[in-house]
Amino acid sequence: MRITSPAFSDGERIPKTYTEDGNNISPPLAWADLPRNTAELALIVDDPDAPRDDAFVHWTVYRIPAATPGLPENLPRGVEELREPAGAAQGRTSFGKHNVGYRGPAPPKGHGVHHYHFRLYALDEPLVLAAGVERSALDAAMRGHILGSAELVATYERA
């Protein structure tokens, strides 16, 4: 199982356009080699380097149909139920306001390099989960249903 982006490679700096310092739009993603019997996919993007007790959630997308080959650039923010891919849902981020949908890197200035983990999960059955949920609800719903996972890590730093 693999997850990639045409916008950046694993370990590379995420381009400014996908950050709060740029256009703050979601990057395009692609995946391949899903496990046999994958029924659905989920994506979690977080920053474990954030100065807090838990990882800072930048994006969750779930209920992604298994036949979907990836996500296009610039999915709508503030929309819980996506039209494309049909049936997919976005959840809440760790940002206080406007917290559904992708919010790009915005580490504290001078805090050093942060690592943004794009984790894709292949699930053995569709999630029975409302749109707009917190990450903890998504994690709980996926527990015991993960067939495989893949990760893409990008970095970003504000001087």
One should read off an interatomic distance between Leu34 CG and Leu123 CG, to the nearest 0.5 angstrom, of 10.5 Å
- Task: I would like to know whether Leu127 and Leu138 meet side-chain contact (heavy atoms from CB on, under 4.5 Å); could you show each step before the answer?
- Result: CA-CA 9 Å; Leu127 295 177; Leu138 177 56; 3.7 Å; yes
Distance col, row Arg13:CZ vs Tyr18:OH, nearest 0.5 angstrom, shows 14.0 Å
Test log, rule side-chain contact (heavy atoms from CB on, under 4.5 Å), inputs Val61 and Val45:
CA-CA 9 Å; Val61 186; Val45 180; over 6 Å; no
- prompt: Considering only heavy atoms from C-beta outward, does the side chain of Pro27 approach that of Phe118 to under 4.5 Å?
  reply: yes
- Would you call Thr60 and Leu43 a side-chain contact if the rule is heavy atoms closer than 4.5 Å? no
Using a 6.0 Å cut-off, check whether atom CG of Asp139 has over 12 heavy atoms from anything other than its own residue.
yes
Can you get from Trp59 to Ile44 by hopping between Ile, Leu, Val, Met, Phe, Trp and Tyr side chains that sit under 4.5 Å apart?
no
Would you say Arg36 has more than 12 foreign heavy atoms packed within less than 6.0 Å of its CZ?
-> no
Path from Leu41 to Leu75 over hydrophobic side-chain contacts below 4.5 Å:
yes
Legend entry - Derivation of the side-chain contact (heavy atoms from CB on, under 4.5 Å) call for Glu125 and Glu40: CA-CA 6 Å; Glu125 64 181 41; Glu40 197 168 82; over 6 Å; no
Notebook entry, point to check: With no hydrogens and no angle check, do the side chains of Asn99 and Thr93 hold a donor and an acceptor under 3.5 Å apart?
Noted result: no
Item to complete: Using the rule that two of Ile, Leu, Val, Met, Phe, Trp, Tyr join whenever any of their side-chain heavy atoms come within less than 4.5 Å, decide whether Phe95 and Val57 are in one cluster.
Response: no
Could you walk me through whether His145 and Tyr121 pass ring pair (Phe, Tyr, Trp, His ring centres under 6.0 Å), step by step?
CA-CA 9 Å; His145 297 288; Tyr121 298 92; over 10 Å; no
OH of Tyr62 to CE of Met142, rounded to nearest 0.5 Å, is 11.0 Å
The residue among Arg119, His115, His117 that forms side chain to side chain donor-acceptor pair (under 3.5 Å) with Asp46 is Arg119
Task: Side chain to side chain, Leu71 and Ser26, heavy atoms closer than 4.5 Å - done: no
For this session: Check whether any side-chain heavy atom of Pro85 sits under 4.5 Å from a side-chain heavy atom of Pro65, and report yes or no.
Result: yes
- Same hydrophobic cluster for Leu147 and Ile64, using side-chain heavy-atom links shorter than 4.5 Å among ILVMFWY? no
*Is Arg63 salt-bridged to Glu81, cutoff N-O under 4.0 Å?*
yes
*asked:* In the structure I gave you, are the side-chain heavy atoms of Arg103 and Glu20 within less than 4.5 Å of one another anywhere?
replied: yes
Cluster check Ile3, Tyr156: I/L/V/M/F/W/Y, side chain < 4.5 angstrom: yes
Worksheet item: Hey, does Asp21 have a side-chain heavy atom less than 4.5 Å from the side chain of Arg158?
Response: yes
